[in-house]
Amino acid sequence: MPSWLALPLAALLGVGLDRLLGEPRRGHPLVAFGALANLLEKALRPPPAVASRSALRIFGLLAWSFAVLPPVLLAAWASATPWLGILADAGLLYFALGARSLKEHADAVAVPLAGGDLATARQKVGYMVSRDTTALDESGVAKACVESVLENGNDAVFGTLFWFALLGGPGALLFRLANTLDAMWGYKNERFLHFGWAAARLDDLLNWPAARLTALTYAWLGNTRRALACWKAQAPTWESPNAGPVMAAGAGSLGVLLGGAAIYHGREEQRPPLGEGRPAAAFDIDRASHLVQRGLVLWLAAIVALLPLIALVQFLLGKVFHA
């Protein structure tokens, strides 16, 4: 099989497995990875007597390295093995991708919300976001869910595909594990402010190019002019350098207003506005899900179309330099 065909084929297989099987219901590898991360934190966190900011950051980086690099190196070995490589890449992409799971979580909120079961919708959206959802009205639930779908479209779908396109299965695994550690350690509280500094910064770094391509994807597939205008004006007001462009462009593309007040850990936070238009409603959850799913198809088409072109350019350059 030509080498340029292997990665597009693995991409199609991995996405197909995700669409067919979804995330494992039992024994998900990320559960074991999370347990390992907790053990590494306990083992490598400096004692309080010597826990300076620099020491916490250094040992946090060591913990990140011990958690992420060994499985990624093992994945690189499997991916480079002849014939096994395609299956390894496809399996790693399936593990790292969360397209079907994201839609299932969104549907679990949208269906009861559209049917008037606000209590169930509040409970289900609480599984997707870190804010307090117990007192949200219908629009508040819809807003929280749409924000989560748009942001996780980058984290669970497009960021994974971006690193897969660059580095194959090991790249997808690297991104997913780094993103998981950011979700575990990337909090700005007393416990993780410095120990989780490396996890947060490395996730920001890995996410930076993918987030902007995700924002462009949302803009391309919806109201492009409004999405780009919201991205330009609103993204800089958000603390996260990657969530801002993604959610601002997504909200502008859909023509809904997101952001605003939200309760985190018992305290109300006033967040900058995202998008423009009417407040989010129940049916916008499905619109956001379809935006992500259509973007997935677009990215797959780009991977299939562009990788052979890149391989051709590499072949021609090789001919030139070896002439």
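Using a 4.5 Å heavy-atom threshold, the side chains of Pro272 and Gln234 count as separate. Side-chain contact between Asp89 and Pro170 is present, with heavy atoms from C-beta onward closer than 4.5 Å. Leu93 has its side chain out of reach of Leu17: every pair of non-hydrogen atoms, C-beta onward, lies at least 4.5 Å apart. Considering only heavy atoms from C-beta on, Arg201 stays 4.5 Å or farther from Leu205 through its side chain. Between Leu118 and Arg122, the closest side-chain pair of non-hydrogen atoms falls below 4.5 Å. Two residues are said to be in side-chain contact when any heavy atoms from C-beta on lie closer than 4.5 Å; Val141 and Glu138 fail this criterion. Arg278 is listed as a side-chain neighbour of Asp284, based on a closest heavy-atom distance under 4.5 Å.
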Starting from the C-alpha separation in whole Å, work towards a yes-or-no answer on side chain to side chain contact (heavy atoms under 4.5 Å, CB included) for Trp163 and Arg176. CA-CA 10 Å; Trp163 284 101; Arg176 182 64 186 268; over 6 Å; no
In sequence, state the C-alpha distance, the side-chain angles, and the governing distance for Arg294 and Val297, and then conclude on side chain to side chain contact (heavy atoms under 4.5 Å, CB included). CA-CA 5 Å; Arg294 288 188 293 132; Val297 174; 5.7 Å; no
Take Phe283 and Asp286 through the test side chain to side chain contact (heavy atoms under 4.5 Å, CB included) and record every step on the way to the result. CA-CA 6 Å; Phe283 66 90; Asp286 194 51; 5.8 Å; no
Given the rule in the side chain to side chain contact (heavy atoms under 4.5 Å, CB included) test, do Phe164 and Leu97 qualify, once you have shown the distances and angles that lead to the verdict? CA-CA 10 Å; Phe164 181 84; Leu97 199 65; over 6 Å; no
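Lys124 has no carboxylate O lying under 4.0 Å from a charged side-chain N of Asp117, or vice versa, which leaves the two without a salt bridge.
Hydrophobic clustering of Ile, Leu, Val, Met, Phe, Trp and Tyr side chains at less than 4.5 Å, counting indirect connections, unites Phe175 with Leu30. Leu257 and Leu136 fall into different hydrophobic clusters, where Ile, Leu, Val, Met, Phe, Trp and Tyr side chains are chained together by heavy-atom contacts under 4.5 Å. Tracing side-chain contacts under 4.5 Å through hydrophobic residues (I, L, V, M, F, W, Y), one never reaches Tyr187 starting from Ile263; they form parts of separate clusters.
Using a 30° and 60° split on the angle between ring planes, Trp185 and Phe192 fall in the parallel class, below 30°.
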Between side-chain atoms of residues 52-67 and protein atoms elsewhere (two or more places apart, or another chain), which donor-acceptor pairs fall under 3.5 Å?
from	atom 1	to	atom 2	distance (Å)
Ser52	OG	Ala55	N	3.2
Ser65	OG	Leu61	O	2.9

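Under the side-chain contact (heavy atoms from CB on, under 4.5 Å) test applied with Met128, the options Asn152, Thr133, Val149 reduce to a single match, Val149. The side-chain contact (heavy atoms from CB on, under 4.5 Å) test with Asp155 is passed by exactly one of Thr160, Asn207, Thr214, Asp203: Asn207.
Remark: side-chain polar atoms of Glu147 are paired, donor with acceptor, to backbone N or O of Gly259 under 3.5 angstrom. Side-chain N or O atoms of Arg131 include none that pairs as donor or acceptor with a backbone N or O of Tyr264 at under 3.5 Å. At distances below 3.5 Å, at least one donor-acceptor pair connects side-chain atoms of Asp18 with backbone N or O atoms of Arg100. In this structure, Tyr218 contributes its side chain and Leu150 its backbone to a donor-acceptor pair below 3.5 Å.
Scanning for salt bridge (charged side-chain N to carboxylate O under 4.0 Å, His left out) contacts around Glu41 gives Arg45, Arg191, with sequence neighbours left out.
Neither side chain, Asp137 nor Ser139, offers a donor N or O lying under 3.5 Å from an acceptor on the other.
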